[in-house]
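All values below come from the heavy atoms of this structure, side chains included, with hydrogens, waters and symmetry mates left out.
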There are 2 protein chains.
Amino acid sequence: MSLRYALLAILRVGPLSGYDLQKQFSQSVGHVWHAPDSQIYPELRKMQADGLIEGEEQLRGQRGMRRVYHVTEAGDRAYQEWMASPLDYQRVRDPAHLRAAYLENTTPEAARDFLHRHIAYWESELEAFQGELDHIERMDSMMLNRRLAVIPPDEHEAAIEYKRFSYEGLAERARGEIAWARRGLALVDRLERVDAAARP
Amino acid sequence: MSLRYALLAILRVGPLSGYDLQKQFSQSVGHVWHAPDSQIYPELRKMQADGLIEGEEQLRGQRGMRRVYHVTEAGDRAYQEWMASPLDYQRVRDPAHLRAAYLENTTPEAARDFLHRHIAYWESELEAFQGELDHIERMDSMMLNRRLAVIPPDEHEAAIEYKRFSYEGLAERARGEIAWARRGLALVDRLERVDAAARP
DNA sequence: AGGCTCATGTAATCAGTTACATGATTTG
DNA sequence: CAAATCATGTAACTGATTACATGAGCCT
């Protein structure tokens with residue numbers, strides 16, 4: 001149920017159309033919370049029905065139309081309440097560690113393949129996180145600048161630091177996953193040697 | 001869709017009733033993949049319909065009944081195929097890092113509260129992982145011993161080592177989250193001091 | 001007799017994924 | 001005029017959550 005709060009967080013900075021929101025999502029916040037357009041549009045409608053946001057229809061050209069949403073007072077309150085409420089941690093459901101726990105059930109080749117893919121996946125994630133951190137460092141993140149434009153200068157540091165804090169946490173997790181999978185590869189090698197020694 | 005493979009992984013070791021399976025789940029594998037009984041029973045029925053497992057009705061006392069499932073050849077094949085196929089990484093959806101990225105939108109108190117809860121959550125997870133690692137170390141894990149009983153002795157080491165590998169990865173992640181949240185607490189403090197200095 | 005554990009589910013709902021569907025506007 | 005991008009959705013399905021529902025057997 002965090003989707004609506006993710007949307008509110010972005011909309012609070014300033015009104016956006018569903019389309020623009022979706023773009024922002026796939027960039028910045030998308031690294032933390034993915035949502036396809038087919039989920040965003042209906043959710044915006046529901047949020048409007050719940051009074052959290054309001055949509056304003058704007059004409060684009062002759063017949064083109066777009067709906068620009070802004071956060072209502074009730075929406076802002078709901079967001080604040082969410083920020084101050086305890087997060088509900090959903091139960092673990094970790095396919096990678098599930099598979100890792102049973103790697104002896106497959107061939108060394110399949111085990112290595114799994115671990116190589118795990119490394120590739122987290123390396124690409126890490127690259128994305130690093131990219132965001134670079135944006136923050138160079139202050140050219142579209143999102144961040146939009147946000148900084150609407151808050152007083154003495155709050156800029158906090159906005160920047162928390163964003164960095166969040167992405168550094170993600171980057172560290174990615175590095176941890178990569179290091180873990182590399183140790184896994186070493187383990188596969190070692191067990192294969194043990195196995196070869198046992199049956200000459 | 002990993003639930004059925006998690007169930008197969010446990011059932012492959014030996015036949016179990018839905019009830020026993022659920023118990024095993026909530027212990028060992030449950031740390032990696034949570035599933036409530038209301039999901040396990042229907043899934044077992046579906047797996048039977050798909051020919052992956054077979055259930056045998058057993059009487060318990062006069063009228064009591066239990067269905068003991070075992071993996072079919074087709075189920076074993078499906079499991080092997082899954083183990084050799086690339087894992088599908090579902091998109092990120094991380095409420096904690098989402099909130100962290102926007103902590104400047106709330107009060108220092110709420111920010112600290114969030115971080116304290118994050119630490120408490122991951123400390124309890126870490127304790128569970130450590131507990132499992134201790135079981136593995138002392139070789140008194142119910143699950144592990146069940147597994148070791150049905151595989152040849154020269155494969156014992158692999159079974160043990162992969163389990164350790166998996167849980168060590170989880171424990172490390174937990175430690176990472178704790179360290180990250182502690183740095184977050186220090187950041188909240190620092191920003192509060194900056195803020196206090198700015199408006200005397 | 002009462003409480004615990006064994007044992008098995010159904011029903012309603014929600015969140016998310018995938019595929020499909022359509023059309024206007026801008027830019028080269 | 002064609003292609004890219006702007007713009008908005010619907011429909012079918014899957015996987016997971018929550019709440020409800022029931023009853024037998026075992027131990028004290």
Side-chain angles (χ1 to χ4, degrees), chain A residues 1-8 15-27 29-30 32-50 53 55-69 82 87-95 98, chain B residues 1-8 15-27 29-30 32-50 52-53 55-69 82 87-95 98 142:
Chain A
M1 252 287 276
S2 306
L3 174 59
R4 61 172 48 193
Y5 300 105
L7 295 174
L8 280 176
L16 282 174
S17 67
Y19 185 80
D20 288 334
L21 235 175
Q22 184 224 109
K23 285 247 145 166
Q24 296 260 328
F25 231 80
S26 63
Q27 291 159 34
V29 214
V32 191
W33 198 275
H34 165 83
D37 45 353
S38 67
Q39 204 190 350
I40 289 178
Y41 287 114
E43 183 65 25
L44 287 171
R45 292 308 192 103
K46 267 186 263 169
M47 286 164 75
Q48 181 164 32
D50 293 347
I53 58 175
E56 206 184 329
E57 296 206 349
Q58 285 183 355
L59 259 88
R60 215 174 61 99
Q62 303 309 304
R63 268 183 305 272
M65 196 259 291
R66 55 192 236 125
R67 219 182 316 275
V68 176
Y69 292 99
W82 181 75
L87 214 61
D88 59 319
Y89 290 85
Q90 66 271 61
R91 304 322 171 90
V92 229
R93 205 164 282 112
D94 186 333
L98 170 63
Chain B
M1 253 289 276
S2 306
L3 173 60
R4 62 171 47 190
Y5 300 105
L7 295 174
L8 279 176
L16 283 175
S17 68
Y19 184 82
D20 287 334
L21 235 174
Q22 186 223 107
K23 286 248 144 166
Q24 296 260 329
F25 230 80
S26 63
Q27 291 160 33
V29 215
V32 191
W33 198 276
H34 166 82
D37 46 353
S38 67
Q39 203 188 351
I40 289 177
Y41 288 115
E43 183 64 26
L44 287 170
R45 291 307 193 104
K46 268 186 263 168
M47 287 164 73
Q48 181 164 33
D50 294 346
L52 304 180
I53 58 176
E56 208 184 329
E57 296 205 348
Q58 285 184 356
L59 259 88
R60 217 175 59 100
Q62 303 310 305
R63 268 184 305 271
M65 195 259 291
R66 57 193 235 123
R67 220 182 314 275
V68 176
Y69 291 99
W82 180 75
L87 214 60
D88 59 320
Y89 290 84
Q90 65 271 61
R91 304 321 171 94
V92 227
R93 207 163 283 113
D94 186 333
L98 170 64
M142 191 226 292

**Q** Does the side chain of B/I40 come within less than 4.5 Å of B/F25's, by heavy atoms?
**A**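 They are in contact (side-chain heavy atoms under 4.5 Å apart), so the answer is yes.
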
**Q** Between C1' on D/dA11 and CG on A/D37, what's the gap in Å once rounded to a whole number?
**A**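 Spelled out: CG on A/D37 to C1' on D/dA11 is 14 Å.
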
**Q** Could you check whether any side-chain heavy atom of B/P36 comes within less than 4.5 Å of a side-chain heavy atom of A/R91, counting everything from C-beta outward?
**A**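 No. Closest side-chain heavy atoms not under 4.5 Å.
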
**Q** For the residue pair A/R4 and A/K46, what are the closest heavy atoms and their distance?
**A**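 The answer is NH2-CB, 4.1 Å.
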
**Q** What is the first contacted nucleotide of DNA chain C and what is the last, in 5' to 3' order, if contact means an atom lying under 4.0 angstrom from a heavy atom of chain A?
**A**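 That gives a stretch of C/dA15 to C/dT25.
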
**Q** So which protein nitrogen or oxygen atoms get under 3.5 Å of nucleotides 14-16 of chain D's nitrogens or oxygens?
**A**
{"unit_1": "D/dA16", "atom_1": "OP2", "unit_2": "B/Q39", "atom_2": "NE2", "d": "3.1"}
{"unit_1": "D/dA16", "atom_1": "O3'", "unit_2": "A/R93", "atom_2": "NH1", "d": "3.3"}
{"unit_1": "D/dA16", "atom_1": "O3'", "unit_2": "A/R93", "atom_2": "NH2", "d": "3.2"}

**Q** State, with a plain yes or no, whether a side-chain heavy atom of A/S2 is found less than 4.5 Å away from one of B/R93.
**A**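 The answer is no; the side chains never approach within 4.5 Å.
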
**Q** Both B/S38 and B/Q90 contact DNA chain C. Which one's nearest nucleotide lies toward the 5' end?
**A**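 Per heavy-atom nearest nucleotide, the more 5' residue is B/S38.
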
**Q** Grab the OH-C1' distance between B/Y41 and D/dT18 for me, whole Å please.
**A**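 Distance check: B/Y41 OH to D/dT18 C1' gives 17 Å.
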
**Q** Rounded to whole Å, how long is the line connecting atom CD of A/Q22 with atom C1' of D/dC6?
**A**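 Whole-Å distance recorded here is 10 Å.
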
**Q** What pairs with B/Y5 under ring-ring contact (aromatic ring centres under 6.0 Å, His included), at least two apart in sequence or on another chain?
**A**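 B/Y5: ring-ring contact (aromatic ring centres under 6.0 Å, His included) contacts with B/W82.
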
**Q** What integer distance in Å separates A/Y89:OH from D/dT17:P?
**A**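 Rounded to the whole Å, the gap is 17 Å.
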
**Q** Go through the structure and list residues passing ring-ring contact (aromatic ring centres under 6.0 Å, His included) with A/W33, not counting sequence neighbours.
**A**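 If we apply the ring-ring contact (aromatic ring centres under 6.0 Å, His included) test to A/W33, skipping adjacent residues, there are no hits.
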
**Q** Please list, chain by chain and in numerical order, all residues satisfying side-chain hydrogen bond (donor to acceptor under 3.5 Å, both in side chains) with A/D94, sequence neighbours excluded.
**A**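 So A/D94 forms a side-chain hydrogen bond (donor to acceptor under 3.5 Å, both in side chains) with A/H97.
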
**Q** Measuring only between side-chain heavy atoms, which start at C-beta, is A/R67 closer than 4.5 Å to A/Y19?
**A**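 Sidechains of A/Y19 and A/R67: no contact.
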
**Q** What residues from residues 60-69 of chain A pass a heavy-atom cutoff of under 4.0 Å to DNA chain D?
**A**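 Contacts with DNA chain D under 4.0 Å: A/R60, A/M65, A/R66, A/R67.
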
**Q** Quick check for you: to the nearest 0.5 Å, what is the distance between A/Q39 atom CD and A/L7 atom CG?
**A**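 So the CD of A/Q39 and the CG of A/L7 are separated by 8.5 Å.
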
**Q** What are the two closest non-hydrogen atoms of B/L98 and A/A6, and how far apart are they?
**A**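 For B/L98 versus A/A6, the nearest heavy atoms are CD2-CB, 3.8 Å.
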
**Q** Could you tell me if the side chain of A/M47 sits less than 4.5 Å from the side chain of A/L8, heavy atoms only?
**A**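 Answer yes - side chains close enough.
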
